[in-house]
Structures are given as C-alpha cells and as structure tokens.
Amino acid sequence: MADAFSALRARDEASVMRTYGRYPLAVSRAQGSRLFDLDGREYVDLLAGIAVCNLGHCHPEVTEAIRRQAGELVHVSNLFFQREQVELAERLLATCHCGKAFFCNSGAEANEGAIKLARRFMREVRGREAYEIITLSGSFHGRTLATLTATGQDKIKHGFAPLPEGFVTVPWGDLDAVRSAIRPETAGVLIEVIQGEGGVNPLPRDYVSGLAALCRERGILFMIDEIQSGMCRTGKFWAFQHYGVTPDMFTCAKALANGLPMGALLATDEVAAGFVPGSHATTFGGTPLVSAAAATVLEVMVRERIDDRAKRVGDYAWGLFTDLRQTYPDKIAGVRGMGLMIGIELAFPGQAVWRELLDRGFVLNLTQERVLRLLPPLTIPREDLARFASALGAVLGAL
Ligand SMILES: *Cc1c(COP(=O)(O)O)cnc(C)c1O
C-alpha cells in the first residue's frame, strides 16, 4: 500500500503547481491529536495543520456546527446582514480590548486589511500623509505582494520585484532601530510578539511595552500579527496579553475556524473609523458557514478555558524539553516559546532528526533549518508529549 502513496504523489506532481516542499505523507483521516495515513497508520500530530486545528481535528461541536449551518445557509454575501457573523464578532471582541472586526479568508488577507486600514486611517482620520509600515527582521506576514514585502525574510521576496512601496524592515528586538526608522511618512509598526516561521522567537517584555509607548508618543499605529500566536496558543487568548499592551489593531486567522479558511482584522473603534462603506471588502469574508464554525470555536475555547490548558500543558512540555536539553547540552541549543508554541533549537541542521521522528510517528515542523517547531492541538493529551519527548531523546541519543 506504499504504492497508494507513490501513485498519489505522482499525480500531485503532475497536476498541482509545485509551490510546496511536501512531507512524504498523505493524511486520509484525523481525530483529536491523531493523523492517519492512507494505510491507516497512526501519527501524533504536533503541528495541528500549522497552528490551525487548535481544538484538535474534527472537534465534535465544531463539526456539528458546520453540519447544521451547511443545511441552513452557506453563503449570501456581505450585501446582507448575517446573524452568524455578528455572533462571531461579538464573541471575538469579548476576548480583547478592540471594538470592531472585519472578516476575510486568510492571514495574508487580514494583514493586507491592516495595512490598508493604517494608510486610510492616517490620511482620512488624522489628515496625515503617512503610509509606511515598519516591520521586523525574521518576521512572516504572508505571501501576497504587500504582505511578502512586509515580511522580514529575503527568501520570500526572491523573484517578485517590483515590490510595493511603503515598507521598511528593522532588526528584531532593537528598539532604537525602530526609533530611528520613524519619519513623517510612518503610519505604524507591525510585529509578531512571538515569531512563528522565524523560529519561535518571543520578543522581550520591555521591548514590546517600549514599542507600544513609542508608537503612542510618535502618534503612529501599534499593530500586531496574531495569526499564528493567537487563539489561546501561547496560554492567553492573544499573545500580546502576556505583555500588558493593547495594540490599535491586530490580525488573526489560522485557528479562528479550526480548519475552515477565515481571517479577521480587529481594531479599536477609533482606528476602525478609517474604513467607511466601500473602502474594503471581500466576497467570502464571514460567510454564515465559516462564521458558525468560528463562533463555536470561540464558545468552546472560552467555556473550557483552553488558554489555561495551553499554559498548563505548555509548562509540562517545557519541563520535558528542558530536561532533554540537560541530557543533551551539545545537541539541543535552546528551548523557546510560550504555552504550546514551542521551538527546540538543535545545535546542527535538523532534517535527519525531523525525518526520523516522522518515521517514528510524530508530525512536526522544522523551521530555519534547526528549529523543531511544535504547534500541537491545545487539547493534546500530556502522554502524547511525553511519548514525543522520549522519542526525541532516543533519536538524539543514537546520533
Ligand atoms: C501563516 C501566517 C500568515 C499568513 O497566513 P495565510 O493564511 O497563510 O495567508 C501571516 N502571519 C503569520 C504570523 C503567520 O503565521
């Protein structure tokens, strides 16, 4: 039956554009923290579709909400008032300090909306010709032309010039660099408080509070990308809540509908006034189907205190991995992260270790060549993490 996989791979390579370096695995079914391949072999999922299925695969309440809504109303367009979208907006706003939400279909699109809102708010509300967005090196903000320009990694931009104007990247973690990059054209600063693709790098506490203060002082917008770090992943509903700051706007996407495509831009009432009817739109944003799924995700996360669970289970995982680091100080260079967003940095390129773990039935991601990135479902049983830690120990011990 390895043949079924080889045949699928050949058809994929012949028919789907070659934009992904795919893992040598095809998943046919998933439940909770488990994936099953074409042969029915079981894997522990430490990736959750890249921080998407935070409530685990096929969560029964979310699946039921999708089933129910699919029989009622799937799509009608944003020309109409939609009960499900309002319900979702209210629940989302109850998790934070923001006053308004805009719904779209992906993370990149949410960040595009944030960039557009920043520019329009500056011009239309503040009456200032300010449009430039400052971002940090190592960041990841998406793959559209504007968001890849905002991204602080050159490999993402290769071959796509000319890139849109109005973006500048400064070194990560250097507040003076932001201070000197601010000019009259600056509209705002966009950061991930904990970089995901960049290798799981949490920003220091005083940097984030210092940046928030700097933005206020200079009259520019403080914007946060919570696309990967949000939705309880780090042990609070939003990662910025660890830092005691309140951004003027922030974006989310990945885990918002536990696997259905959805993004959102949230802003304070003041900043949201930068948009008026007609200034921004998308056909599919906030359809009843996806909104019903996302509203259920929010309900379950709040009711079951999934943020607290991510913190507790994250602390447990942290203990396992820091113990491993003590056992293999020359092989593990560091353990970083918050809650269940964890990077284990190896002291050497990690492809072989990653591959061996996959063969042993553990699905995770390798980023920046040496960082094993764990983004498991927040509902993952502790035993799965313990089994992974002993497998990693065995793999490192055999090197
Ligand atoms: C995944 C991600 C994006 C892009 O989201 P898409 O849905 O792939 O467009 C943007 N920012 C961060 C931090 C991400 O992790």
Side-chain angles (χ1 to χ4, degrees), residues 17 19-22 47-54 102-118 133-153 155-157 160 167 169 172 188-203 208 222-234 237-240 242-243 247 249-266 282 284-286 290 293-294 297 336-343 364-368 371 373-376 378:
M17 253 187 230
T19 64
Y20 301 102
R22 295 199 201 275
L47 189 55
I50 320 184
V52 167
C53 301
N54 278 12
F102 173 85
F103 295 105
C104 55
N105 314 286
S106 68
E109 211 188 328
N111 283 339
E112 284 270 347
I115 295 161
K116 286 179 69 177
L117 179 57
I133 309 286
I134 298 172
T135 63
L136 306 189
S137 59
S139 61
F140 181 79
H141 297 299
R143 301 282 193 159
T144 63
L145 278 170
T147 58
L148 75 83
T149 308
T151 291
Q153 300 184 58
K155 63 175 191 210
I156 307 265
K157 309 182 192 197
F160 296 119
F167 297 92
T169 301
W172 183 89
V189 182
L190 171 65
I191 62 164
E192 297 160 90
V193 294
I194 170 167
Q195 290 185 342
E197 311 296 316
V200 192
N201 307 307
L203 277 165
V208 176
F222 179 43
M223 305 154 67
I224 295 185
D225 178 339
E226 286 274 354
I227 290 164
Q228 188 162 147
S229 56
M231 304 293 296
C232 302
R233 166 70 46 198
T234 65
F237 215 98
W238 306 105
F240 66 75
H242 289 283
Y243 292 84
M249 53 172 121
F250 72 95
T251 50
C252 70
K254 288 187 163 84
L256 184 50
N258 211 53
L260 293 191
M262 178 172 246
L265 164 62
L266 290 94
T282 169
F284 290 117
V290 182
V297 169
R336 296 192 292 268
M338 287 160 98
L340 282 171
M341 182 166 182
I342 301 174
L364 58 148
N365 174 249
L366 179 69
T367 189
Q368 306 294 320
V371 183
R373 182 171 48 151
L374 308 189
L375 300 162
L378 307 182

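Indexing begins at 1, ligand by ligand and atom by atom, following the structure's order.
Of the possible polar contacts, one joining the T367 side chain to the E197 backbone as a donor-acceptor pair under 3.5 Å is found. Checked by atom type and distance alone, the side chain of N111 never pairs as donor or acceptor with a backbone atom of G142 at under 3.5 Å. Judged by distance alone, with hydrogens and angles left aside, the side-chain atoms of R336 form a donor-acceptor pair with the main-chain N or O of G199 at under 3.5 Å. One N or O on the side chain of N258 and one on the backbone of N54 form a donor-acceptor pair closer than 3.5 Å. In this structure, the side chain of Q153 engages the main chain of S139 through a donor-acceptor pair within 3.5 Å.
For ligand 1, the atoms closer than 4.0 angstrom to any heavy atom of S106 are 7 (O), 9 (O). For ligand 1, the atoms sitting less than 4.0 Å from at least one non-hydrogen atom of A108 are 4 (C), 5 (O), 6 (P), 9 (O), numbered in the order shown with element in parentheses.
Of the candidates S139, G107, G198, S229, G107 brings a heavy atom nearest to atom 6 (P) of ligand 1. Summarising the contacts of atom 14 (C) of ligand 1 with Q228, E197, K254, the nearest heavy atom is found in K254.
In terms of heavy-atom proximity, W238 sits nearest to G230 at CE3-CA, 3.6 Å.
At a distance under 4.0 Å, a protein heavy atom can be found next to atom 9 (O) of ligand 1.
Residue T234 forms a side chain to side chain contact (heavy atoms under 4.5 Å, CB included) with just one option from E226, Q228, M341, and that option is M341.
Counting protein heavy atoms only, atom 11 (N) of ligand 1 is closest to D225 OD2, 2.8 Å.
Contact annotation: for E192 versus ligand 1, heavy atoms closer than 4.0 Å belong to the side chain alone.
For ligand 1, the polar-atom distance check finds no N/O of G142 at less than 3.5 Å from any of the ligand's N/O atoms. Residue F140 places at least one N or O, backbone or side chain, under 3.5 Å from an N or O of ligand 1.
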